[in-house]
K.L.:
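What follows is a structure written as structure tokens; I'll ask about it next.
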Amino acid sequence: MNVELRHLRALAAIGDEGTITGAAAVLRVSQPALSRTLEQLESRLGTSLVERTTRRLRLTPAGRRLHEHAHRILAQLDDALAEAVAGPRPLRVGFAWAALGRHTVPLLREWRHEHPGEPVEVHRLDDAEAALRRGTVDLAFLRTVPADDGMLDTVALYRERRIAALCESDPLAGRTAVSLADLTHHAIALCATACTTSAALWPAGQRPSSTFEVANVDEWLTMIATGAAAGAAAGVTAEATVHSHPHPGVRYVPITDAGPVTVLLARPRAATHPATDAFTTHARHTLRRTGATGIPVTDAARTPPAAGRRDASGQDGSAAGPVSRTA
């Protein structure tokens with residue numbers, strides 16, 4: 001089977017852009033040439049990779065699988081070529097929202113002190129899991145459970161309380177704690193890519209009046225601070241957000257009856273950097289030594305089956321049990 005790098009680059013770009021036009025522009029080739037490359041790849045594999053519609057292209061299940069592998073292969077090739085010239089690259093760690101909150105800086109400082117020859121780069125990403133699958137990062141801090149497809153392993157690091165984010169003028173903002181029921185008359189802001197909360201966090205029959213999606217943490221904070229929704233806006237998040245994203249117009253208040261969120265460290269089953277194991281061990285031992293939380297976690301090393309996008313407590317958003325979804 002003669003598959004070339006140009007075939008993989010073509011599929012990666014088509015999957016990313018969703019159109020031949022966009023992918024051709026990214027690759028700086030003509031649309032007919034890109035279409036021929038895709039057809040050649042499908043012919044050599046003997047399977048369809050793309051479903052063609054009048055407006056967009058959609059990857060088939062086989063196309064989605066190969067799309068992820070293509071990104072990872074191309075990233076590994078780019079790394080190998082760069083290392084041949086410049087030497088070994090840093091370990092890359094990704095996160096989508098708040099990393100480890102107040103534990104982030106101490107953990108990284110200790111790593112740099114104990115491993116001076118192994119530099120670490122930290123990357124904030126819209127979708128840390130996708131970046132991990134594509135080989136853009138070597139490890140990622142997650143608060144949602146990755147798809148159980150055999151590609152990733154996870155280690156549970158610790159659990160965090162759930163916190164309500166409220167506009168500073170909200171009557172609830174002056175309280176020392178709130179319940180889920182207190183938030184039902186608010187419009188709940190949900191992040192599109194790193195959400196650990198959904199309406200399912202509330203009991204049936206007591207769910208919020210409305211929810212709306214935002215693209216990232218900056219939009220989430222702005223919508224809550226300005227009340228830019230139908231009625232008062234609020235958010236539900238993990239405790240790390242309090243430390244990583246203070247905002248003059250937002251007050252953070254603990255929620256008394258919502259289950260905690262488990263923070264996971266995820267990695268490809270086949271490590272993409274030689275320091276992956278050492279950093280994983282360092283993170284677990286450092287957080288355990290510093291008492292990251294009083295809520296114990298098990299030392300699970302594999303992800304549980306995922307039904308949709310769940311937070312790392314193991315739930316689809318319900319208040320009881322070990323895992324859920326939040327901003």
Side-chain angles (χ1 to χ4, degrees), residues 96-98 101-102 143-145 158-263 292-297 308-327:
W97 192 264
R102 65 186 175 88
R143 289 174 176 81
T144 55
V145 178
Y158 65 98
R159 290 187 180 179
E160 298 178 310
R161 294 182 300 169
R162 290 183 189 270
I163 306 290
L166 300 158
C167 177
E168 62 176 344
S169 61
D170 192 300
L172 299 178
R175 294 192 185 181
T176 57
V178 296
S179 67
L180 289 172
D182 291 328
L183 303 175
T184 55
H185 299 295
H186 291 67
I188 304 298
L190 307 174
C191 183
T193 57
C195 188
T196 57
T197 298
S198 73
L201 181 65
W202 282 258
Q206 301 178 35
R207 291 180 175 168
S209 54
S210 64
T211 62
F212 62 97
E213 264 195 5
V214 295
N216 53 53
V217 64
D218 300 306
E219 291 183 11
W220 184 81
L221 287 166
T222 300
M223 295 293 278
I224 293 169
T226 59
V236 176
T237 187
E239 191 167 8
T241 304
V242 179
H243 305 279
S244 297
H245 299 289
H247 190 286
V250 174
R251 297 290 178 269
Y252 294 107
V253 181
I255 301 174
T256 58
D257 56 349
V261 176
T262 301
V263 181
T293 179
I295 307 172
V297 296
R309 189 93 171 197
R310 300 179 304 160
D311 74 20
S313 327
Q315 311 164 258
D316 291 320
S318 57
V323 189
S324 329
R325 291 179 56 175
T326 306

K.L.:
Please check this pair: side chain of H247 against backbone of G249, looking for a donor-acceptor N/O pair closer than 3.5 Å.
P.N.:
yes

K.L.:
For the CE atom of M223 and the CG atom of L190, what is their distance to the nearest 0.5 Å?
P.N.:
11.0 Å

K.L.:
Check whether any side-chain heavy atom of L221 lies under 4.5 Å from a side-chain heavy atom of V217, and answer yes or no.
P.N.:
yes

K.L.:
Of the non-hydrogen atoms in P246 and H243, which two are nearest, and what is the gap between them?
P.N.:
CD-O, 3.7 Å

K.L.:
What do the steps show when you test V263 against R143 for side chain to side chain contact (heavy atoms under 4.5 Å, CB included), and what is the final call?
P.N.:
CA-CA 5 Å; V263 181; R143 289 174 176 81; 3.8 Å; yes

K.L.:
Which word best sums up how the rings of W220 and W97 line up, parallel for under 30°, tilted for 30 to 60°, or perpendicular for over 60°?
P.N.:
perpendicular

K.L.:
Mind checking what makes side chain to side chain contact (heavy atoms under 4.5 Å, CB included) contact with S179, not counting sequence neighbours?
P.N.:
A181, D182, T256, D257

K.L.:
Give the minimum heavy-atom separation between G235 and I224, together with the two atoms involved.
P.N.:
N-CD1, 3.6 Å

K.L.:
Going by side-chain contact (heavy atoms from CB on, under 4.5 Å), T237 matches just one of V261, V242, I163. Which one?
P.N.:
I163

K.L.:
Which residues satisfy the side chain to side chain contact (heavy atoms under 4.5 Å, CB included) test with E219, sequence neighbours excluded?
P.N.:
V214, A215, N216

K.L.:
To check you understand the geometry: which heavy-atom pair defines the closest contact between T184 and Q206, and what is its length?
P.N.:
CG2-O, 2.9 Å

K.L.:
For A165 versus Y252, what's the shortest heavy-atom pair and its separation?
P.N.:
CB-CE2, 3.8 Å

K.L.:
Between H186 and D170, what is the shortest heavy-atom contact and its length?
P.N.:
NE2-OD2, 2.7 Å

K.L.:
Do the non-hydrogen side-chain atoms of L183 and L172 ever get within less than 4.5 Å of each other?
P.N.:
yes

K.L.:
Taking all heavy atoms of P260 and all of R162, pick out the closest pair and write down the distance.
P.N.:
O-NH2, 4.2 Å

K.L.:
Under 3.5 Å, is there a donor-acceptor pair between the side chain of R161 and the main chain of E239?
P.N.:
no

K.L.:
Hey, what do you get for CD1 (I188) to OG (S209), rounding to the nearest 0.5 Å?
P.N.:
7.5 Å

K.L.:
Tell me every residue that passes side chain to side chain contact (heavy atoms under 4.5 Å, CB included) with A98, counting only those two or more places apart in sequence or in another chain.
P.N.:
A240, T241, S244, H245

